[in-house]
Amino acid sequence: MNSIPINTNTSSVLNILKQKKVIHEESQGLFLIKDCLLIEHFTGKTYTYRLVNYMDGKQEYLFHRKKPIDRSNYREIALKIADSNLFGSDYPRTGLEMIEFIFNKVFTNLGYVLRQEQVSLAKHMYQVMTDEKISMSDIPVGLGKTHAYLVAAIVYKMFHKKNKMNPIIISTSSIELKKAIVKDYIPEISKMLMAFGIIERPVTCILRKGKDNYLCDRRLKDYVASLNPHEKIMSEFLSLTKLMESNEIDLDEIDGISGYDKRKICVNLNNCMTCSVQSSCRYQKYLKNAKKTGHDLQICNHNYFLADVIRKRRGLSGLFPDYDKVIIDEAHKLKDAANQMYGTSISQKEIFKTLKKAMPKNDNSTMKKMLMRLCNEAIIYNDKFFNELIEQIPKELQEEDIEKYKTLITQRARVLLSRVTANLEEIHHFINDRDRKLAADIRRLLRNMKVINRCHIIYWLEMPYSKGQTILASVPITLSQELGEDLWLSDKSYILTSGTIAVEGDFKYFKNELGMKKIPSTKLKELSKDSPFNFKENCLLYISENTTYPDYDNKKYMEGLTDEIEKLVVASNGHALVLFTSYKPLRHVYQSLKESVSDIPLYQMTRGRSDILEAFKSSGKGVMLATGSMWEGINIPGDILSHLIIVKLPFPIPDPLSDYEKTCYKTTDDYVKEVLVPQMLIKLRQGAGRLIRNETDSGVISILDSRAGIKGKYHNSVVAALPKCDMTSSIENIRKFLLDKKDKSYFGH
């Protein structure tokens, strides 16, 4: 009994019982214990005490007194309550029962809609953690997977005290989801569970980020001291000085200072070990607290989680306390994070900035003149090296919307890189003892440059057409194997979940990507759920039979495509998002529509123009032509997006990673079937997921690729991958469908 929490936060349960007329309106709730509430009622002469089981409404008289009891009596009374037949009569005794209770009783009593699929998902996740297995679950938008895994994690912590000091790690991809978990989901769930006496304290969680997201006291002090108040924007100067007196540490949560200022005052670990204010530093205090055992949950992004894995692999101390349960949400992004964390890159801009820092302030002495010469030569070789790589990009890729550009490290490029390397080694020799941070930066650059010259890597260019910003990146050929050995062969339990990691319920492609081949079948659990939204009623799938085989260089195809898109946006009176796979056709169609469509606002998504999305959302009935990031992650509920037009099936554009993958298959047909088609269908599902975002949304998905047509090679696969809804090849049916589903104002009537 002493281990059962006594919860004095009774207001929620008390109000529910009063609304149901179970207890008198003037009764007071003293404390909750399991499924029972101790009620105090003053009759005018005496204080009467009754026990109420809030699950079934049954009551039992306990005693009465002339004077009210006080808190010092609570534990003694709780011991007596334990002997009552009402106490724990229907209270959950297992974790699975507790999950049922939380969703069926707690959440519904506080206004949440019960979804049995969400309950079964939470129970599945709890069981996976209990059985120390690995789960892969493909869960569509609207089913509530975040609540499901959070409840599963909290209940696991409640019923498994053995590892109660070990946190459960929750890794996500998007910043918005991490913030929502910490600021909304956890406080909300804690409040509800405390209200019903299930927990006596809030669930504790801590958000983990990379060091450059946090404030450095010493750098802040030095930076503010270097500023001239008359030259700095006064509001920013005041915000910085105010920051010195505050306890703020997370730079993302601090308003009033610029991104430039944040880069000047963020933590740089190269300075931490020798810092004179280390003992009083707020970042070090935060880090010490974060690494303590006792936090229920630790929230991070995929890169941070993998950084912990890689550190431990190298025999270094981890970023987290010991843990054995990991929840990976937005799991379809894990491989991208692995490419970054297991890979190596050298940046044209970073090399340039490092060389500029190494330049002496003046060149009076012979040594400084030599150092200046070395730096200037290295800058020239650096530019020539990256220009040589850019020139090797195939011309057909220059207009494509891709992140990884194929290039070739020619013999000339290797010579240029070796010259940059040689100069940096000499520069390091000059400044080694004078500037430790700069020396450390140069050593890291040299390590990465040497990786580029190794065999058994796959390399590519990023941002080749952003002047001075080009990055040469690489990953080991054995990445999937390394990932598999570091994660899945450990004794940890993993829950991987996303809306798009399966193709028709098959996880084969995703498992291959993440190196899961060696996981015993007995350890791996797979789960797919259908969407809770009524697509049959609220969505129409239009597959065009008018377009020819997609070829952006074919003039007749482009004319037919533009004509088709114009008819479609007119049929839906705008309210459309048109998704392309590259910028070249996007620009062509946009220019043509500008000349022919005058009464519908048009928006063209270009690189780096996130403001266009907000303009589209507030346009009323606009049409946005987009590519890239608009295929996933954006949320546009309501009528503004009622027509999603997919111009071309989103087959991946060949890049160095896919070129290598292709060599791992016996035939091209095998590669297409095992890799390209699953990749296309997963991205198609991501794009289609932009349309229906809640129970009241309705709209049309239009696909204009002839390969998806009734006689097309991928028709059956495309239809099977998308939500089940009525299909049409008539544009007139689109207008009829929307007239039936939308308010009269939708068409301006």
- Message: Can you confirm whether Lys662 is buried at NZ, in the sense that more than 12 heavy atoms of other residues, nucleotides or ligands lie under 6.0 Å from that atom?
- Response: no

- Item | salt_bridge(Asp506, Lys508) N-O dist < 4.0 Å | no

- Message: Is it true that Glu545 and Ser729 share a donor-acceptor pair across their side chains at a distance under 3.5 Å?
- Response: no

- Do Thr497 and Tyr149 touch side chain to side chain, with heavy atoms closer than 4.5 Å? yes

- Plane angle bin for Phe107 and Phe103 - parallel if under 30°, tilted between 30 and 60°, otherwise perpendicular: perpendicular

- Task: Using side-chain contact (heavy atoms from CB on, under 4.5 Å) as the criterion, point out the one residue from Thr478, Leu483, Val475 that pairs with Tyr342.
- Result: Leu483

- Query: How about Ser706 and Thr547: does a side-chain donor come under 3.5 Å of a side-chain acceptor?
  - Reply: no

- Message: Could you check whether Lys529 pairs with Asp138 (Lys NZ or Arg NE/NH1/NH2 to Asp/Glu carboxylate O, under 4.0 Å)?
- Response: no

- Item | Atom of Asn694, atom of Pro637 and distance for their closest heavy-atom approach | ND2-CB, 3.5 Å

- Return yes when atom CD1 of Ile175 has more than 12 non-hydrogen atoms of other residues, nucleotides or ligands closer than 6.0 Å, and no otherwise. no

- Item | Thr562 (side chain) donor-acceptor with Val589 (main chain) under 3.5 angstrom | no

- Query: Measuring from Leu641:CG to Lys617:NZ, what's the distance to the nearest 0.5 Å?
  - Reply: 10.5 Å

- Task: May I have the step-by-step check of side-chain contact (heavy atoms from CB on, under 4.5 Å) for Val128 and Ile134, ending in yes or no?
- Result: CA-CA 6 Å; Val128 166; Ile134 296 171; 5.8 Å; no

- To the nearest 0.5 Å, how far apart are CD1 in Ile181 and CD1 in Ile327? 8.5 Å

- Message: Please check if the number of heavy atoms outside Lys724 that lie under 6.0 Å from its NZ is greater than 12.
- Response: yes

- Does the side chain of Ser702 reach to within under 4.5 Å of the side chain of Ile734, using non-hydrogen atoms? yes

- Message: side-chain contact (heavy atoms from CB on, under 4.5 Å) for Ile168 and Met129? Distances and angles first, verdict last.
- Response: CA-CA 10 Å; Ile168 293 175; Met129 285 189 275; 4.2 Å; yes

- Query: Is a side-chain donor-acceptor pair under 3.5 Å present for Thr667 with Asp669?
  - Reply: no

- Item | Main-chain N/O of Tyr746 paired with Asp743 side-chain donor or acceptor, under 3.5 Å | no

- May I ask you to check whether Lys333 and Ser174 show a side-chain donor-acceptor distance below 3.5 Å? no

- Query: Does a sphere of radius 6.0 Å around CG in Asp530 hold more than 12 heavy atoms from other residues, nucleotides or ligands, not counting ones at 6.0 Å or beyond?
  - Reply: no

- Query: Side-chain contact, heavy-atom cut-off 4.5 Å: Arg735 with Phe747?
  - Reply: yes

- Item | Matching residue for Glu330 among Ser498, Ser173, Ser171 - test: side-chain contact (heavy atoms from CB on, under 4.5 Å) | Ser173

- Item | Nearest-0.5 Å distance, NZ of residue Lys517 to NZ of residue Lys511 | 11.0 Å

- Quick one: are Ile154 and Ile189 in side-chain contact, heavy atoms under 4.5 Å? yes

- Query: Heavy-atom distance under 4.5 Å between the side chains of Arg707 and Pro550, does that happen here?
  - Reply: yes

- Message: Is any side-chain heavy atom of Ser642 closer than 4.5 Å to one of Lys742?
- Response: yes

- Query: Say you draw a straight line from OG of Ser120 to CD of Glu100; how long is it, rounded to the nearest 0.5 Å?
  - Reply: 9.0 Å

- Check ion pair Lys335-Glu661 (N to O, under 4.0 angstrom): no

- Item | Short side-chain to backbone donor-acceptor contact, Ser618 and Glu614, under 3.5 Å | yes

- Between Lys683 and Trp631, is NZ or CZ placed under 6.0 angstrom from the six-membered ring centre and within 45° of the ring axis? yes

- Side-chain donor/acceptor of Thr627 to backbone N/O of Tyr583, under 3.5 Å: no

- Item | Centroid separation Tyr185 to His147 less than 6.0 Å | yes

- Flag, side chain of Arg690 to backbone of Ile636, donor-acceptor distance under 3.5 Å: no

- Message: Could you measure the distance from the CG atom of Leu684 to the OH atom of Tyr714? Nearest 0.5 Å is fine.
- Response: 13.0 Å

- Message: Which heavy atom of Ile600 sits nearest to which heavy atom of Gly574, and what is that distance?
- Response: CD1-N, 3.6 Å

- Item | Exam field: side chain His715 to backbone Ala708, donor-acceptor pair closer than 3.5 Å | yes

- Task: With side-chain contact (heavy atoms from CB on, under 4.5 Å) as the test, would you mind laying out the steps for Leu514 and Leu334 before giving the verdict?
- Result: CA-CA 8 Å; Leu514 296 182; Leu334 185 62; 4.1 Å; yes

- Check ion pair Lys736-Asp740 (N to O, under 4.0 angstrom): no

- Going through the distances and angles, do Tyr542 and Leu704 end up as a side-chain contact (heavy atoms from CB on, under 4.5 Å)? CA-CA 8 Å; Tyr542 168 86; Leu704 312 188; 4.1 Å; yes

- Message: Any salt bridge linking Lys404 with Asp659? Criterion: basic side-chain nitrogen under 4.0 Å from a carboxylate oxygen.
- Response: no

- Establish, from distance only, whether the side-chain atoms of His124 and Ser135 form a donor-acceptor pair under 3.5 Å. yes

- For Leu461 and Pro464, work out which heavy atoms get closest and say how close. CD1-CB, 4.3 Å

- Message: Within the 4.5 Å heavy-atom criterion, are Lys621 and Asp639 side-chain neighbours or not?
- Response: no

- Item | Closest non-hydrogen atom pair, Ala720 against Glu504 | CB-CD, 3.4 Å

- Note on the structure: To the nearest 0.5 Å, atom CG of Asn538 lies from atom CG of Asp697 at 8.5 Å

- Item | Heavy-atom side-chain proximity of Ile703 to Leu649 below 4.5 angstrom | yes

- Which atom of Met125 lies closest to which atom of Ser137, heavy atoms considered: CE-OG, 3.9 Å

- Query: Judged by atom type as modelled, is there a donor-acceptor pair below 3.5 Å linking the side chain of Ser474 to the main-chain atoms of Ile458?
  - Reply: no

- Query: Do His588 and Tyr552 have their ring centres less than 6.0 Å from each other?
  - Reply: no

- Message: Which heavy atom of Ala626 sits nearest to which heavy atom of Leu577, and what is that distance?
- Response: CB-CD1, 4.0 Å

- Quick check: does any side chain N or O of Arg685 sit under 3.5 Å from a backbone N or O of Gly499, one acting as donor and the other as acceptor? yes

- Message: Is it the case that the side chains of Gln481 and Glu485 hold a donor-acceptor pair, with the cut-off being a distance below 3.5 Å and no angle test?
- Response: yes

